[in-house]
There are 2 protein chains.
Amino acid sequence: MLELGRHFDGWAPARDGEDLVVATIVATSGSTPRPAGTSMLVAAGGGILGSLSGGCVEGAVVAAAQEILSCGGARRERFGYSAEDAFAVGLTCGGELEIHLSRLSEPERKALASAPVALLRRLDDDGAPAVTLAAPSSVAGIAREAWVGLLGLEGAPEPVQEELLARARTQVEPLLRQGRSGLVRVAPPEGCHDGEAGTRPLELFVESRLPAPRAVVVGANDFSEALLPVLKLLGFHVTLCDARPGFAAQARFAPADSVERTWPHRYLERQAGEGLLDERSVLFVLSHDPKFDVPLLLTALRLDLAYVGALGSRRSDRQRRASLVEQGLEPGLLDRLHSPIGLDLGAVTPAEVAVSIAAELVGVLHGAPGTAGSLSRGSGPLHHGPPH
Amino acid sequence: MLELGRHFDGWAPARDGEDLVVATIVATSGSTPRPAGTSMLVAAGGGILGSLSGGCVEGAVVAAAQEILSCGGARRERFGYSAEDAFAVGLTCGGELEIHLSRLSEPERKALASAPVALLRRLDDDGAPAVTLAAPSSVAGIAREAWVGLLGLEGAPEPVQEELLARARTQVEPLLRQGRSGLVRVAPPEGCHDGEAGTRPLELFVESRLPAPRAVVVGANDFSEALLPVLKLLGFHVTLCDARPGFAAQARFAPADSVERTWPHRYLERQAGEGLLDERSVLFVLSHDPKFDVPLLLTALRLDLAYVGALGSRRSDRQRRASLVEQGLEPGLLDRLHSPIGLDLGAVTPAEVAVSIAAELVGVLHGAPGTAGSLSRGSGPLHHGPPH
């Protein structure tokens, strides 16, 4: 439910303190539209925040949530072809969803409002305090007391605490490191089978995401104006850079997270030197002027960025590539350059060009081949692999 | 400069009444990034609104504008390889631009602030009142007195007025009807060559656009939330339609121009019946539920829309196509359906799916083939034809 964090505070039922049920996809199989961790909130007054499937199971989930609001309890529901009610809920995506529903506890409510980058909560114990992480994620960021509270280990013997904590840390760490979400079952230590409750594994649901990847857009013009909101939509932290006085200060570039009035190649060198660019960072050279583009690309193509694209005609592309080699760029590194930038969609307006650039970017990030056919013309799988 | 209308009122130099110069592309040849009509405003205080070329000529244009602000006058400047200063201004896109610069007159300022769909102004006479049209464009919407003022015909003999008006109407009409922009030269009537000034044709610059095309998005979920702002960016008037109570009312769908809580197929039938859908309209079926999708597509595929796409797995796509034929759809009409929707980019998140849908849409609107390669892998022209 991390994706709901940015909307939660502004949502009227949350502001008004209504009773809320959170429905979370805890497991998926086959082709499903949304990954584990995706959540929807249902308010006692009928309000809804988020969605789970693009529409096909929401009706049934809302009905189940209303039952919980009236009668209490928590539920785990399975939606898919194998379930008898599959047709009734309309899950035609051919996959299966496992959805956990429970009242949103006070600790979870607080956690959500803090818009964390990671959230750990117990699915089998509503009362346990949820744990949040606000900084880049690692189990090292979770205090021992937070683990003890989350796992309900207050009063347990020290060796039992240690063993369970170690197990939980080991299982949670890879999810946090990769920014993924999933269900983690922590088995109780051997010899702790005292009574029925003690034999069941603890159920933790871990949600995490990596910090927003960096996008640097060079050139303050109509193309960058159109590209900025699309990059924000895709989850990037966006910097607009333009050396010319007056241009970058325009209000239409306000969607950028930061605006830099400096020579682009100096900015990139400085950012790289400070370790602020990595293999998830992307660069769009829209400045359309060799005196900015060439020194910038000379720097950028030597970094290991996820994507480097440059705007320009075929003619300026040829000249730019020649200048780069003349100025000493290792010719093999030219293969990293997406120029002319974008997919061949016949785009004309700045908005269309922005879509063509964003589409090329998404394909590159997912390792799609350089040619993207309409899905309706092919027969392959719709989802290639995990998101970036 | 129509594209500046929506920004003009909020722009500080306009609010503060600063002296402004408007630079407008009045003609282009070869490959240029922006079409005729594109304008940039330069304020006496150094502020800038809009851009002409993605960066390569702006510096020189700002310098020319500052001269006009200091010394008065109007200028026509040519930027491109054939001009001696081509390298200096960095126009590497391989095309040529003709740019008219003049002080933004009081009538033009008023016209711009009214955010019109069409604007006619004299390039050779700053004092002539600009003419604006706010409704779907035709010369029939321009009053006789407006023509007389624009063409400076006050006091001219009636037959001369009539002849010039007829010539101007004939030349302007096709531009308005197609929502295009361009320079129109109106030759004076035969026998009116009294003095040097009388022999020169009048220069009108016509800018016009068609009303925003309609986009109907069906299904209130994360995918439509992500798609809405991209469609707005592409210039569509967007309606979100969802029959289920509660879903469409969420604040995250506020970017839609209108929200309809009704059965989608009934909404589409009603809109079509009222003549509110046309061959520029597009439909996105993201509801992911056959009980909404099938009756909706049965209606939609029989209309002559520019694009109809539907979300779903390959399995639900096969079932949906079978249901449509079962329920009487002419099998040939299935070719109009883009399903599974989008380009094959490996998109996973709702934002990525929205980009893949928008990219397919742009390609279809521009008649690009069903497969879009990265421009960097091909060798063809970057701009296929006129925008939709």
Side-chain angles (χ1 to χ4, degrees), chain A residues 7 31 46 48 51 54-56 90 92-94 219 221-223 226 229-230 233-234 246-247 250 252 286-290 311-313 315-316 319 338-340 342-349 351-352 355 358-360 362-363 366 368 370-378 382-384 387, chain B residues 7 31 46 48 51 54-56 90 92-94 219 221-223 226 229 233-234 246-247 250 252 286-291 311-313 315-316 319 338-340 342-349 351-352 355 358-360 362-363 366 368 370-378 382-384 387:
Chain A
H7 298 294
S31 167
I48 285 162
S51 74
C56 48
T92 53
C93 36
N221 53 41
D222 290 1
F223 298 102
V230 183
L233 183 70
L234 288 168
F247 283 83
Q250 297 179 62
R252 61 193 179 125
L286 310 183
S287 36
H288 217 254
D289 186 336
L311 190 75
S313 65
R315 179 172 182 159
S316 59
Q319 293 178 332
H338 296 270
S339 166
L343 289 189
D344 186 12
L345 305 175
V348 173
T349 66
E352 291 170 348
V355 165
E360 181 174 67
V362 170
H366 286 290
T371 297
S374 274
L375 285 166
S376 56
R377 308 277 180 106
L382 305 198
H383 309 298
H384 296 194
Chain B
H7 298 294
S31 167
I48 285 162
S51 73
C56 47
T92 53
C93 35
N221 53 42
D222 290 1
F223 298 101
L233 183 70
L234 287 168
F247 283 83
Q250 297 179 63
R252 62 194 178 124
L286 310 182
S287 35
H288 217 255
D289 186 336
K291 79 171 172 288
L311 189 75
S313 65
R315 180 172 182 160
S316 59
Q319 293 178 332
H338 296 270
S339 166
L343 289 189
D344 186 13
L345 305 174
V348 173
T349 66
E352 291 171 348
V355 165
E360 181 173 66
V362 170
H366 286 290
T371 297
S374 274
L375 285 167
S376 56
R377 307 278 180 106
L382 305 198
H383 309 299
H384 296 194

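Labels below follow one simple rule: chain letters A, B, ... track the order of the sequence lines, proteins then strands, and each chain is numbered from 1.
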>> Side chains of A:Leu343 and B:Leu343, heavy atoms from C-beta outward: is any pair under 4.5 Å?
In response: yes
> Given a strict heavy-atom distance threshold of 4.5 Å, which part of A:Val362 is in contact with chain B: side chain, backbone, both, or neither?
Replying inline: both
>> What I'd like to find out is whether the side chain of B:His288 reaches to under 4.5 Å of the side chain of A:Ser51, using heavy atoms alone.
In response: no
> How far does NE2 of B:His366 sit from CG of A:Leu345, to the nearest 0.5 angstrom?
Replying inline: 8.5 Å
> Which atom names give the shortest non-hydrogen contact between B:Leu233 and A:Pro229, and what distance separates them?
Replying inline: CD1-CG, 4.4 Å
